[in-house]
Amino acid sequence: MLTTIEQLEALYDQPHERALAKEIDYVNDDYRAFIDVAPFAVLATAGPDGLDCSPRGDAPGFVRVVDRRTLALPDRPGNNRLDSLRNIIVEPRLALLFIIPGIGESLRVNGRGRITNEPEWLDSFAVEGKLPRTVLLIDVDSVYFHCSKALVRSKLWDPARHIERSRLPSAGEIHRHINGAHFDAATYDRELAERVRTALY
């Protein structure tokens with residue numbers, strides 16, 4: 001087992017200067033181009049009860065570039081666990097990973113979050129008259145892009161590698177396995193698509 005930074009670094013080459021230079025402390029025009037078309041991001045946070053890594057998705061550009069040092073992310077309806085938001089209240093440091101369908105490169109943003117429910121922020125993110133409950137404001141500390149190696153290795157965008165949903169347990173089956181045989185998995189699964197459709201916003 002490796003227990004020191006020195007042991008770890010001895011196994012790897014030094015990072016190329018380009019890998020270090022691509023990290024900047026603001027959103028430049030190139031990085032904004034990624035954020036403006038990204039329909040999906042993963043939000044990572046940490047708090048006293050542990051870590052959280054939460055998917056976030058909406059129409060492309062749903063994370064708004066307010067200025068070169070600030071992003072805004074609406075909190076759409078979800079499971080109300082509030083894991084990420086609870087963490088941010090206590091420990092504001094966070095990370096975002098933006099992924100764009102069909103694109104190999106991904107974009108990372110590290111920063112600090114603030115949560116607001118001020119009406120002007122909520123109104124600005126309305127969809128079909130429905131407001132988010134809160135908006136996460138992100139003060140940017142660093143931004144950098146990842147090369148495409150991980151997505152190329154995974155063949156993430158290759159339709160031939162897509163998995164049939166039927167090969168995995170359904171959401172209802174997962175609930176039944178956890179909650180017991182009394183849980184009506186068939187009804188849960190049958191009604192799931194409509195519940196999702198009507199609760200998106």
Side-chain angles (χ1 to χ4, degrees), residues 22-148 150-151 156-157 171 192 195-201:
K22 67 184 178 182
E23 180 178 354
I24 58 178
D25 61 1
Y26 62 97
V27 180
N28 67 7
D29 291 342
D30 294 328
Y31 289 165
R32 177 170 188 157
F34 278 77
I35 296 171
D36 282 347
V37 300
F40 184 80
V42 179
L43 172 64
T45 61
D49 295 324
L51 306 175
D52 185 62
C53 193
S54 177
R56 298 286 195 244
D58 210 330
F62 73 103
V63 177
R64 181 183 302 162
V65 180
V66 179
D67 57 48
R68 287 157 70 92
R69 302 274 186 169
T70 315
L71 305 179
L73 167 59
D75 192 57
R76 301 298 184 190
N79 56 23
N80 290 322
R81 286 177 54 105
L82 307 181
D83 296 315
S84 299
L85 300 181
R86 290 177 193 274
N87 282 347
I88 290 166
I89 290 289
V90 179
E91 168 52 77
R93 289 182 298 170
L94 57 79
L96 279 169
L97 175 67
F98 291 92
I99 298 176
I100 303 167
I103 303 299
E105 293 84 4
S106 53
L107 186 75
R108 285 178 64 172
V109 174
N110 296 325
R112 290 153 290 111
R114 298 172 284 132
I115 302 167
T116 181
N117 66 345
E118 294 176 4
E120 56 267 35
W121 281 111
L122 302 183
D123 290 343
S124 74
F125 281 104
V127 174
E128 299 175 357
K130 297 180 180 179
L131 308 181
R133 189 67 56 87
T134 59
V135 173
L136 175 61
L137 301 177
I138 299 164
D139 299 315
V140 173
D141 290 329
S142 66
V143 190
Y144 55 101
F145 77 98
H146 276 282
C147 74
S148 62
L151 274 73
L156 185 64
W157 307 128
L192 180 59
R195 284 199 305 275
V196 170
R197 186 187 68 79
T198 58
L200 282 177
Y201 298 97

| Between CG on residue Asp49 and CG on residue Asn87, distance to nearest 0.5 Å | 7.5 Å
| Within a reach of under 6.0 Å around CZ of Arg112, are more than 12 heavy atoms found that belong to other residues, nucleotides or ligands? | yes
| query | Roughly how far, to the nearest 0.5 Å, is the CG atom of Leu107 from the CZ atom of Arg32? | reply | 13.0 Å
| said: Once rounded to the nearest 0.5 Å, what's the spacing between atom CD1 of Ile99 and atom OG of Ser106? | reply: 6.0 Å
| Which pair of heavy atoms, one from Phe40 and one from Phe62, lies closest together, and at what distance? | N-CE2, 3.6 Å
| field | Closest non-hydrogen atom pair between Ser142 and Glu23, with its separation | value | CB-OE2, 3.3 Å
| Do the side chains of Tyr31 and Arg68 get nearer than 4.5 Å, heavy atoms only? | no
| task | Please examine the side chains of Tyr201 and Asp58, heavy atoms only from C-beta on, and report whether any two atoms are closer than 4.5 Å. | result | yes
| Distance-only, no hydrogens or angles: does the Arg69 side chain make a donor-acceptor pair with backbone N or O of Asp25 under 3.5 Å? | yes
| Atom pair CG (Asn110) and OH (Tyr144), whose distance is rounded to the nearest 0.5 Å | 5.0 Å
| Interatomic distance, Asp139 atom CG to Thr70 atom OG1 [nearest 0.5 angstrom] | 5.5 Å
| request: State, with a plain yes or no, whether a side-chain heavy atom of Ile115 is found less than 4.5 Å away from one of Asp75. | output: no
| request: Taking atom CG of Asp123 as the centre, report whether more than 12 heavy atoms of other residues, nucleotides or ligands fall under 6.0 Å from it. | output: yes
| field | Any donor-acceptor N/O pair, Arg64 side chain to Ser124 backbone, under 3.5 Å | value | yes
| said: How close do Ala199 and Pro77 get, counting heavy atoms only, and between which atoms? | reply: O-CB, 3.5 Å
| query | Has the side chain of Trp121 got a donor or acceptor atom that lies under 3.5 Å from a matching backbone atom of Thr134? | reply | no
| query | Are any non-hydrogen side-chain atoms of Leu136 and Leu43 less than 4.5 angstrom apart? | reply | yes
| query | Is it true that a side-chain atom of Arg76 and a backbone atom of Arg56 form a donor plus acceptor pair closer than 3.5 Å? | reply | no
| message | Pair Thr45, Leu51 - check side-chain contact (heavy atoms from CB on, under 4.5 Å), show working. | response | CA-CA 6 Å; Thr45 61; Leu51 306 175; over 6 Å; no
| query | Within a radius of less than 6.0 Å around CZ of Arg81, do more than 12 heavy atoms belonging to other residues, nucleotides or ligands occur? | reply | no
| said: Counting C-beta onward and ignoring hydrogens, is there a side-chain heavy-atom pair between Val42 and Leu96 closer than 4.5 Å? | reply: no
| request: Report yes if some heavy atom in the side chain of Phe125 is under 4.5 Å from a heavy atom in the side chain of Leu131; otherwise report no. | output: no
| Over all atoms of both residues, closest heavy-atom pair of Val63 and Ile35 | O-CG2, 3.4 Å
| Looking only at heavy atoms, what is the nearest atom pair of Asn28 and Ile24, with distance? | ND2-CD1, 3.5 Å
| Val140 and Val109, any side-chain heavy atoms less than 4.5 Å apart | yes
| When rounded to the nearest 0.5 angstrom, what is the spacing between OG in Ser54 and CG in Leu82? | 10.5 Å
| query | What are the two closest non-hydrogen atoms of Pro48 and Val90, and how far apart are they? | reply | CD-CG1, 3.7 Å
